[in-house]
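These notes concern the structure reproduced below.
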Amino acid sequence: MNVYQINSENAKSVARLMHRIKPEWWPAFEDAYGQLTDIDQTIKTVGWYMGENSEQPKGWILCRELVGYRALELECSGFDDNGACKLEHKLGDLFQIAEQYAKNKGYLTFRSGISSIGFNIHGKPILSIPDAIISLTCERIDYKWYLAQGFRVIGIQPNAYENGFHLIMLGKDLS
């Protein structure tokens with residue numbers, strides 16, 4: 001067999017294949033074709049901000065809607081705490097709005113991630129992801145805030161930023 005890159009000229013053929021062999025995922029040809037050609041059908045961006053008024057934002061969250069995975073994922077966030085950027089724990093109200101939005105859309109998971117700075121695995125090689133998750137410890141306020149909000153560690157991406165600088169993946173069940 002040969003390998004070909006999907007492009008605008010052959011996407012219809014691939015969409016017909018997708019629809020034919022997995023109609024429960026793509027009930028119509030247009031659903032499959034849209035996934036191949038229109039990113040807005042599979043990944044959308046939504047966000048909220050807070051402030052004393054609409055012209056002076058104080059904090060924001062930007063999320064991706066991962067339609068196929070029925071998940072909302074935090075892309076980036078920040079809160080101006082007297083000139084210093086603070087993260088998730090200062091944005092609780094926005095997280096609640098995002099979570100309700102996700103539930104209303106029928107999403108089942110709210111995902112996020114934080115760097116390994118301050119965790120016992122930071123700067124070390126990850127030889128076993130399950131072992132690293134089981135032994136994971138950290139005193140960071142944002143990590144503790146996530147856990148108090150119902151998020152749990154769902155994975156670790158080793159060397160996400162550079163060697164020894166990992167991504168701790170978090171998820172909250174919304175079902």
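The structure displayed is predicted, hence computed values, not measured ones.
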message: Taking salt bridge (charged side-chain N to carboxylate O under 4.0 Å, His left out) as the cut-off, I'd like each qualifying pair that reaches into residues 101-121, sequence neighbours left out, listed once.
response: E65-K105, E73-R111, E99-K103
query: Taking D173 for the side chain and T109 for the main chain, is one N or O donor matched with an acceptor at less than 3.5 Å?
result: no
field: Contact summary for S77 and I61, nearest pair of heavy atoms
entry: CB-CG2, 3.5 Å
query: Any link between V67 and M18 through a network of hydrophobic side chains (Ile, Leu, Val, Met, Phe, Trp, Tyr) touching at under 4.5 Å?
result: no
- prompt: Just by modelled atom types, is the N10 backbone N or O under 3.5 Å from a matching donor or acceptor in the N7 side chain?
  reply: yes
field: Set of residues satisfying side-chain contact (heavy atoms from CB on, under 4.5 Å) with respect to Y49, sequence neighbours excluded
entry: S54, P57, W60
query: Does the side-chain contact (heavy atoms from CB on, under 4.5 Å) test come out yes or no for L72 and R64, once each step is laid out?
result: CA-CA 6 Å; L72 187 69; R64 287 184 290 241; over 6 Å; no
field: Nearest-0.5 Å distance that lies between atom CG in L174 and atom NZ in K172
entry: 7.0 Å
query: Counting heavy atoms not belonging to I141, are there more than 12 under 6.0 Å from its CD1?
result: no
- prompt: Shared ILVMFWY cluster between I114 and L147, side chains joined below 4.5 angstrom?
  reply: yes
message: Quick test of your reading: applying side-chain hydrogen bond (donor to acceptor under 3.5 Å, both in side chains), list the pairs with at least one residue in residues 18-27, sequence neighbours left out, ordered by first then second residue.
response: K22-E24, W26-Q35
message: Working note: D131 + L127, criterion side-chain contact (heavy atoms from CB on, under 4.5 Å); need CA distance, chi angles, decisive distance, verdict.
response: CA-CA 8 Å; D131 290 343; L127 302 177; over 6 Å; no
query: For Y143, which residues count as a ring-ring contact (aromatic ring centres under 6.0 Å, His included) partner, sequence neighbours excluded?
result: F119
- prompt: What pairs of residues pass the salt bridge (charged side-chain N to carboxylate O under 4.0 Å, His left out) test when at least one of them lies in residues 144-160, not counting sequence neighbours?
  reply: E139-K144
query: What's the shortest heavy-atom distance between A32 and A15, and which atoms?
result: CB-O, 3.5 Å
task: Taking D31 for its side chain and A28 for its backbone only, find out whether a donor-acceptor pair lies under 3.5 Å.
output: yes
statement: What one should report as the nearest heavy-atom pair of A11 and T37 is CB-CG2, 3.8 Å
query: Same cluster for L136 and I154 if Ile/Leu/Val/Met/Phe/Trp/Tyr side chains link at under 4.5 Å?
result: no
- request: Return the set of residues passing side-chain contact (heavy atoms from CB on, under 4.5 Å) with I133 (not counting sequence neighbours), or none when no residue passes.
  value: I129, V153, I156
- prompt: How would you list, by chain and number, every residue that makes a side-chain contact (heavy atoms from CB on, under 4.5 Å) with N53, sequence neighbours excluded?
  reply: E55, Q56
message: Considering only residues two or more places apart or on different chains, which pairs with a residue in residues 96-115 satisfy ring pair (Phe, Tyr, Trp, His ring centres under 6.0 Å)?
response: W48-Y101, F95-F110, F110-F151
query: Between I168 and S115, which heavy-atom pair has the shortest distance, and what is it?
result: CG1-O, 4.2 Å
Considering all heavy atoms, the nearest L167-A160 contact: CB-CB, 3.6 Å
Short side-chain to backbone donor-acceptor contact, D80 and G83, under 3.5 Å: yes
- request: Could you grab the distance from atom CD1 of I121 to atom SG of C138, nearest 0.5 Å is fine?
  value: 9.5 Å
- prompt: To the nearest 0.5 Å, what is the distance between CG (L170) and CD (Q149)?
  reply: 12.0 Å
field: Residues in ring-ring contact (aromatic ring centres under 6.0 Å, His included) contact with F79, at least two apart in sequence or another chain
entry: none
- prompt: Sequence neighbours excluded, which residues qualify as side-chain contact (heavy atoms from CB on, under 4.5 Å) partners of K12?
  reply: R16, F29, Y33
field: V3: hydrophobic cluster co-members (side-chain, 4.5 Å)
entry: none
query: With hydrophobic residues grouped by side-chain heavy-atom distances under 4.5 Å, do L66 and L62 end up in a single group?
result: no
query: Does CZ in F165 sit with more than 12 non-hydrogen atoms of other residues, nucleotides or ligands closer than 6.0 Å?
result: yes
query: L91 and V46: same hydrophobic cluster, using ILVMFWY side-chain contacts below 4.5 Å?
result: yes
- prompt: Which heavy atom of L74 sits nearest a heavy atom of S112, and at what distance?
  reply: CD2-OG, 3.3 Å
query: What residue pairs, at least two apart or across chains, pass side-chain hydrogen bond (donor to acceptor under 3.5 Å, both in side chains) with a residue in residues 156-171?
result: none
